[in-house]
Amino acid sequence: MAVLTEIEWNGIGIDCDKLSHLSQDFSAQIMALEEKIYTFAEGEFNINSPKQLGEVLFDRLGLPHGKKTKTGWSTAVDVLQKLADKHEIVSLVLEYRSLAKLKGTYTDALPRLVHPDTGRIHTSFNQAVTATGRLSSSDPNLQNIPIRSVAGRKIREAFVPTAGHLLLAADYSQIELRVMAHLANEQALQQSFQREDDIHQQTASEIFDIFPALVTDEMRRRAKTINFGVLYGMGAFSLGKDLNITTKEAKKYIDRYFERYPQVNQFIEARKEEARQHLYVKTLLGRHCAVADINSKNGQIRSYAERNAVNYPVQGSAADIIKVAMIAVHKRLTAEGLHSKMVLQVHDELVFDVPEAELQQLQNLVQEEMESAVTLRVPINVSIGYGKNWREAH
DNA sequence: ATTGGTCGCTGT
DNA sequence: ACAGACAGCGACCAAT
């Protein structure tokens with residue numbers, strides 16, 4: 001139970017009128033979609049219920065049940081996307097889903113959490129929840145506010161600064177890949193970052209063995225998936241599914257990746273061995289992350305633990321870095337007598353509520369402290385933006 | 001009416 | 001048959 005006292009308790013401004021209008025817009029679109037969906041389904045049903053939706057799509061309309069199941073046929077996004085060209089109803093359902101999600105989870109839920117005394121939203125940043133040392137955010141979770149879709153981005157416009165202030169957002173760029181380049185001591189990757197290459201383009205160049213300038217958008221997209229996949233211990237099967245290529249071809253990409261970045265492969269094997277020996281792995285600053293089940297006889301459970309052993313040091317070190325930066329930034333805000341407030345942390349991003357007169361000073365300060373929080377074998381870059389709401393700040 | 005599991009989806 | 005890390009939360013649904 002949170003109690004508002006004179007202690008520092010910043011919160012972030014929220015424009016409830018904006019959310020209310022958005023909610024109405026979404027409602028209108030959702031209702032229109034419902035009508036069309038019922039027409040194709042030849043009757044009303046609860047679209048939110050996976051069970052009922054599955055019955056309509058797969059039993060009544062006879063669409064090929066993509067696959068996947070647990071208690072029925074899966075109606076998840078990746079399944080439906082493959083059915084989109086089979087029947088008009090599918091894309092309508094996908095659109096309905098995304099809008100219903102935005103309305104229910106964000107535009108309707110956020111106003112309920114506005115504090116009556118401050119008129120602001122005061123999330124809880126939990127410091128002892130995650131396995132890796134990241135913070136988590138709850139009541140509400142402000143670390144999963146939409147940004148990817150056009151409709152979703154409108155929700156960010158409802159996050160606003162104090163009157164006369166601006167919001168400033170500072171993002172680490174590719175922090176986890178840089179951490180991995182450092183921890184694995186992979187020269188090829190480090191050189192890319194030192195040259196400030198487009199890292200996904202460079203990876204594509206290595207994997208497909210062509211000049212960077214000849215890398216197509218599609219090749220870059222694939223390389224990007226592989227770069228993130230490596231961080232999570234993705235296998236050939238999942239990569240193939242993600243890129244819509246065969247498992248065999250996906251394996252070629254992964255082999256090629258490790259051929260070009262051999263130290264990354266070595267890093268992965270070393271972390272597994274470390275976990276087997278100690279039942280934990282360590283972050284950049286020496287924090288221990290417990291790795292359960294690493295010696296399990298069940299191959300599936302053991303594989304999961306091995307992926308954790310690789311991912312924890314990377315994700316955990318990135319968490320170390322931003323925590324050091326947060327402390328350093330806060331100290332300087334105090335030391336320099338600024339009135340800017342640090343209001344959000346989103347894993348690789350910090351958001352500040354800043355008086356317009358302090359904007360330049362804060363920007364310089366934040367960039368300096370975030371980029372020098374630790375010294376790696378690669379530079380750490382921070383990109384900064386500002387605006388009159390959270391969307392504009394990006 | 002409340003609780004817990006499942007499914008699905010948002011972010012990094 | 002399985003297959004991608006870390007989270008939080010809403011809707012549904014069955015059990016209490």
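Order of the sequence lines fixes the chain letters, A, B, ..., with proteins taken first and strands second; residue numbering starts at 1 for each chain.
- Ring pair A:His200/A:Phe228 is tilted by interplanar angle, where 30° to 60° counts as tilted.
- For the pairing with A:Val314, the side-chain contact (heavy atoms from CB on, under 4.5 Å) check across A:Leu284, A:Val179, A:Thr283 returns one residue only, A:Val179.
- Here the nucleotide nearest the side chain of A:His347, chosen from B:dG11, B:dT10, C:dG10, is B:dG11.
- Between the OH atom of A:Tyr232 and the P atom of C:dA7 there is a distance of 12 Å, given to the nearest Å.
- Within the 4.0 angstrom heavy-atom criterion, base atoms lie near A:Arg134.
- Once rounded to the nearest 0.5 Å, the distance linking OG1 of A:Thr123 with CD of A:Gln345 reads 11.0 Å.
- From A:Leu214, atom CG reaches atom CE of A:Met219 across 8.0 Å, with rounding to the nearest 0.5 Å.
- Comparing C:dC12, B:dT12, C:dC2 by their nearest atom to the side chain of A:Gln300 picks out C:dC2.
- Taking atom CG on A:Leu94 and atom C1' on B:dG8, their separation rounds to 12 Å, with Å as the unit.
- In this structure, C:dA15 forms a base pair with B:dT2, meeting either the Watson-Crick or the G-U wobble geometry with both donor-acceptor distances under 3.5 Å.
- Checking C:dC9, B:dT12, C:dC6 against the side-chain heavy atoms of A:Gln315 singles out C:dC6 as nearest.
- Taking every side-chain heavy atom of A:Ala109 into account, C:dG10 is the closest of C:dG10, C:dC12, C:dA5.
- Of the residues listed (A:Gln367, A:Glu368, A:Gln361), the one engaging A:Asn364 in a side-chain contact (heavy atoms from CB on, under 4.5 Å) is A:Glu368, and it is the only one.
- Each of A:Thr132 and A:Ser138 lies near DNA chain C, and the nucleotide nearest A:Thr132 is the one positioned closer to the 5' end.
- Applying the 4.0 Å criterion to OP1 and OP2 of C:dC6, one finds that A:Tyr312 has a side-chain N or O inside that range.
- Side-chain N/O atoms of A:Ser49 include one lying less than 4.0 angstrom from OP1 or OP2 on C:dC13.
- The A:Arg156 side chain lies nearest to B:dG11 when the options are C:dG10, B:dT10, B:dG11.
- With rounding to whole Å, A:Ile175 atom CD1 is found 17 Å from B:dG11 atom C1'.
- Using a 4.0 Å heavy-atom cutoff across all strands shown, A:Val77 reaches sugar-phosphate atoms only and no base atom.
- A:Thr130 has no side-chain polar atom (N or O) that falls below the 4.0 Å cut-off from OP1 or OP2 of C:dC6.
- Listed nucleotides C:dG10, C:dA11, B:dT10 differ in distance to A:Thr105; the shortest reach to its side chain belongs to C:dG10.
- Rounding to the nearest 0.5 Å gives a distance of 10.5 Å between CE of A:Met370 and CD1 of A:Ile321.
- Not one side-chain nitrogen or oxygen of A:Asn46 sits closer than 4.0 Å to the OP1 or OP2 atom of C:dA11.
- Between A:Gln52 and C:dC13 there is a side-chain N or O to OP1 or OP2 distance below 4.0 Å.
- Atom CG of A:Leu80 is separated from atom P of B:dC7 by 15 Å (rounded to the nearest Å).
- Backbone-only contact: A:Ile147 has heavy atoms under 4.0 Å from sugar-phosphate atoms and none from a base.
- Put simply, A:Asn311 has no side-chain N or O that comes within less than 4.0 Å of OP1 or OP2 on C:dC6.
- Going from atom CG of A:Asn144 over to atom C1' of C:dC9 covers 8 Å, rounded to whole Å.
- Residues A:Ser136 and A:Asn126 have side chains that bring a donor and an acceptor to within less than 3.5 angstrom of each other.
- Proximity note for A:Tyr304 (side chain, C-beta onward) versus C:dA11, B:dG8, C:dA5: the nearest is C:dA5.
- Counting non-hydrogen atoms under 4.0 angstrom, A:Thr75 reaches the backbone sugars and phosphates but no base.
- Remark: C:dC2 base-pairs with no nucleotide in the shown strands. Criterion, Watson-Crick or G-U wobble with two distances under 3.5 Å.
- Using a 4.0 Å heavy-atom cutoff across all strands shown, A:Leu231 reaches no nucleic acid atom at all.
- Which of C:dG10, B:dT10, B:dT12 sits closest to the side chain of A:Arg148 comes down to B:dT12.
- As rounded to the nearest Å, C:dA1 and B:dG8 have C1' atoms that lie 23 Å from one another.
- Note: CD (A:Glu95) to P (B:dC9) measures 14 Å, nearest angstrom.
- Using a cutoff of 4.0 Å between basic side-chain nitrogens and carboxylate oxygens, A:Lys103 and A:Asp108 are scored as salt-bridged.
- Here C:dG8 presents its C1' atom at 10 Å from CG of A:Asn126, a figure rounded to the nearest Å.
- Between B:dT6 and C:dC2, the distance separating the two P atoms is 15 Å to the nearest Å.
- Residue contacts shown for A:Ser137 are limited to sugar-phosphate atoms, with no base heavy atom under 4.0 Å away.
- Counting any heavy atom pair closer than 4.0 Å across all strands shown, A:Glu349 reaches no nucleic acid atom.
- Note on A:Val129: only backbone sugar-phosphate atoms sit closer than 4.0 angstrom, heavy atoms only; bases stay farther off.
- Between A:Lys103 atom NZ and B:dT10 atom P there is a gap of 16 Å when expressed in whole angstrom units.
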